[in-house]
*Asks:* 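Supplied in structure tokens, the structure appears directly below.
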Amino acid sequence: MALTLHDTLTREPRALTPLDGKTLRFYCCGPTVYGPAHIGNFRTFVAQDVFRRTLEMGGLPTLHVRNLTDVDDKTIRDSQKAGQTLADFTRYWTEKFHADCTALNLLPPHVEPSAVTHIPHQVRMIETLVQRGHAYTTGDGSVYFKVSSFGDYGRLSHLEDRELRLGATVASNATDSDEYSKDSLADFALWKARKPEDGENFWPSPWGEGRPGWHLECSAMALEYLGEDFDVHSGGVDLIFPHHENEIAQSCCATHGKFAHHWFHVTHLMVDGGKMSKSLGNLYTLEDLQKRGYSPAEVRYVLISGYYSAPLNFTFHSLDAARQALQKLAKFAKALGDAAKNDTLTPGPFQEAWDTLNNDLNVPGALGAMFGTINKTKPATLTVDEAQQAWSGLHFMLKALGLNLPAEAEEVEIPAEIIALAEARWQAKLAKDWPAADVARKELDAAGWVIKDSKDSYQVVKK
RNA sequence: GGCGGGGUAGCAAAGUGGUAAUGCACUGGUCUGCAAAACCGGUAUGCGCGGGUUCAAUUCCCGCCCCCGCCUCCA
């Protein structure tokens, strides 16, 4: 079945069918690599990953492009602060980002272009826009997009002219020297003339030395790798305006194509009921959470456990809940037995979960359906064939959601004194010396071990 | 003020014009010397507030309140 996804532009759910009939091509606005990404950033990237996985599990190949913003005000400023070249600085944070992505089980994009390595593409695009009368140069050697030259401006964000202040000129109250020469407040920079504080970070262009504006890079790279028309463009909700609005304007004006045909936006993550911010001390990175003992899989589970279009409230309690939920899934998988394992993945008894997922990427609904199936399936009563189908369906869904089950507790070396203590306790128990047995159990507990009794044997496991 | 997303059990979170999935937590039972583990159950007379439509609304309509985001380079 085809995935149906809500489209920000038309404001309705629409079935996704590839424009070229074969491959679903989509672009995601990637990170600015100037510091560690936080879990809010990853909510978006994880949602996009589930999107891609759902398409692919449904039999539709994808072409996934996600950029790296490695030149902008922040990367330049912070690289200088760090006393590094821009390239060294952004490489460091790019590697950090990739490590987090791998840990969170995100499929790497098929193409991951960086802004710095696509300057000529951006320059060419600006030239076209200037030639066509959609952009103008200013005295300092900057180039701006003329918003009033694009009639559809504002369609994505539904902002009216008066909100955009389209007609407003930059006359009296311009405080930012950077912007003093714009014709209209709504116009945005395509090319920013070189300034002293840019240091060594400038490139040649027909308008003089400088660097590209932020909005342009995504358009240029999308055009390069996906063409004038492609299926889906995605990012966080905060990018709708102005970033995506500007992308549409400059892309459509430069190519006369339609640019993205479908817009997929992910709502922000909240923490403790409010927004995440450094000043509130509630901004977490994956590393922060790992230091507190949570696994990336648990973080991923939390991030997908809310509907992508609704706010999701992140709490530590939800991480604990994720741990238990993953354990429950793992126990079910294990209970099906080794004989159930097989290579063909099909939804099988998890069809309802799969259908739910395809209905606008309803992950929480899909998870609910999965547990529903699990709760009514008694592994012990299944035939081998039924168990195989259950195993297949479970793993089909896990793959679509990108969830890796926690590994079974590895065989840990049990210290001799623990074995001795456990044995002593077992003997005390057999002798019905309950006080002694309880003392031994308490000592084991203090040492971090737990006894699991069964009929006529016991197990010691690490807490 | 404009635009958008939300307000469902202790927490998190689906869903529906006919009487509320799921996970966690809590709790009863089986088992156990007692626990743990496992398994079987239970837990929202109610879905922000007030009206309206309807045989029936949490679900549709109207009004209102509250939270979050964006409103010119924040996922």
Side-chain angles (χ1 to χ4, degrees), chain A residues 8 11 28-32 37-48 69 72-74 147 154 156-160 162-165 178-179 182 184-189 192 213-217 234-243 245-246 265-270 273-277 301-302 305-329 331 335 352-353 356 362-375 378 380 428-429 432-435 437-438 441 445 450-455 458-459 461 463:
Chain A
T8 310
R11 296 185 178 192
C28 301
C29 289
T32 301
H38 54 70
I39 55 171
N41 299 116
F42 280 116
R43 181 187 189 191
T44 300
F45 298 132
V46 168
Q48 291 162 343
T69 296
D72 77 327
D73 291 348
K74 292 182 298 240
V147 165
L156 184 70
S157 50
H158 300 264
L159 288 175
E160 301 298 326
R162 61 196 158 84
E163 271 83 50
L164 295 168
R165 296 183 288 175
D178 195 30
E179 315 247 299
K182 287 200 296 187
S184 161
L185 272 176
D187 294 350
F188 56 91
K192 305 178 88 159
W214 176 56
H215 304 299
L216 190 70
E217 64 175 79
S234 175
V237 280
D238 56 315
L239 296 183
I240 294 174
F241 188 85
H243 186 53
E245 200 72 76
N246 291 352
H265 289 104
V266 181
T267 298
H268 280 189
L269 184 73
M270 312 211 313
K275 69 174 175 180
M276 224 178 1
S277 76
Y301 189 98
V302 170
S305 66
Y307 213 140
Y308 74 85
S309 64
L312 172 66
N313 192 25
F314 173 86
T315 62
F316 283 96
H317 181 86
S318 63
L319 276 173
D320 294 330
R323 172 168 298 173
Q324 296 306 320
L326 285 166
Q327 287 292 346
K328 184 164 177 170
L329 293 170
K331 280 173 193 163
E352 184 190 342
T356 303
N362 185 351
V363 175
L367 285 168
M370 285 172 73
F371 284 108
T373 298
I374 286 171
N375 288 339
K378 308 296 166 213
K429 178 186 154 133
K432 298 196 191 295
D433 182 357
W434 310 131
D438 286 345
R441 191 164 60 197
D445 183 72
V450 181
I451 292 272
K452 291 186 186 178
D453 284 345
S454 49
K455 201 94 186 142
Y458 65 93
Q459 238 189 316
V461 295
K463 245 201 300 198

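No experiment lies behind these values; they were computed from the predicted model shown. Letters go in sequence order (proteins before strands), and every chain restarts at 1.
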*Asks:* For A:T267, give me all partners under side-chain hydrogen bond (donor to acceptor under 3.5 Å, both in side chains), at least two apart in sequence or on another chain.
*Replies:* none
*Asks:* Does A:R441 get its side chain close enough to the base of B:rA35, under 3.5 Å, for a donor-acceptor pair?
*Replies:* yes
*Asks:* Check the distance between B:rA37's P and A:D445's CG and give it to me in whole angstrom.
*Replies:*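 My rounded result for the distance is 12 Å.
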*Asks:* How would RNA chain B look in dot-bracket form, 5' to 3', counting Watson-Crick and G-U wobble pairs with both distances under 3.5 Å and writing | for bases paired to another strand?
*Replies:* (((((((..(((.........))).(((((.......))))).....(((((.......))))))))))))....
*Asks:* Taking atom C1' in both B:rC60 and B:rC24, what distance in whole Å separates the two?
*Replies:*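 Pairwise C1' distance, B:rC60 against B:rC24, rounds to 34 Å.
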*Asks:* Tabulate protein N/O versus nucleotide N/O from nucleotides 11-15 of chain B, keeping only pairs under 3.5 Å, one per line.
*Replies:*
{"residue": "B:rA12", "atom": "OP1", "partner": "A:N313", "partner atom": "ND2", "Å": "3.1"}
{"residue": "B:rA13", "atom": "OP1", "partner": "A:N313", "partner atom": "N", "Å": "3.1"}
{"residue": "B:rA14", "atom": "OP1", "partner": "A:Y307", "partner atom": "N", "Å": "2.7"}
{"residue": "B:rA14", "atom": "O3'", "partner": "A:N362", "partner atom": "ND2", "Å": "3.0"}
{"residue": "B:rG15", "atom": "OP1", "partner": "A:N362", "partner atom": "ND2", "Å": "2.9"}

*Asks:* Between the side-chain atoms of A:D438 and the base atoms of B:rA35, is any donor-acceptor pair under 3.5 Å?
*Replies:*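 Not at all, since no donor on one side and acceptor on the other fall under 3.5 Å apart.
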*Asks:* Can you tell me, in whole Å, how much space there is between the P of B:rG2 and that of B:rG42?
*Replies:*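 So the two P atoms sit 48 Å from each other.
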*Asks:* A:K192 side chain: which of B:rA36, B:rG69, B:rC73 is closest?
*Replies:*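 Of the candidates, B:rC73 comes closest.
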*Asks:* Taking for each residue the nucleotide of RNA chain B bearing the nearest heavy atom, is the 5' side occupied by A:G30 or by A:K452?
*Replies:*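 Comparing both residues, the 5'-ward one is A:K452.
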*Asks:* Salt bridge or not for A:R323 and A:D320, using N-O below 4.0 Å?
*Replies:* no
*Asks:* Of all the choices, B:rA75, B:rG23, B:rA36, which nucleotide is nearest to the side chain of A:V450 once you look at every atom?
*Replies:*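 Nucleotide nearest to A:V450's side chain: B:rA36.
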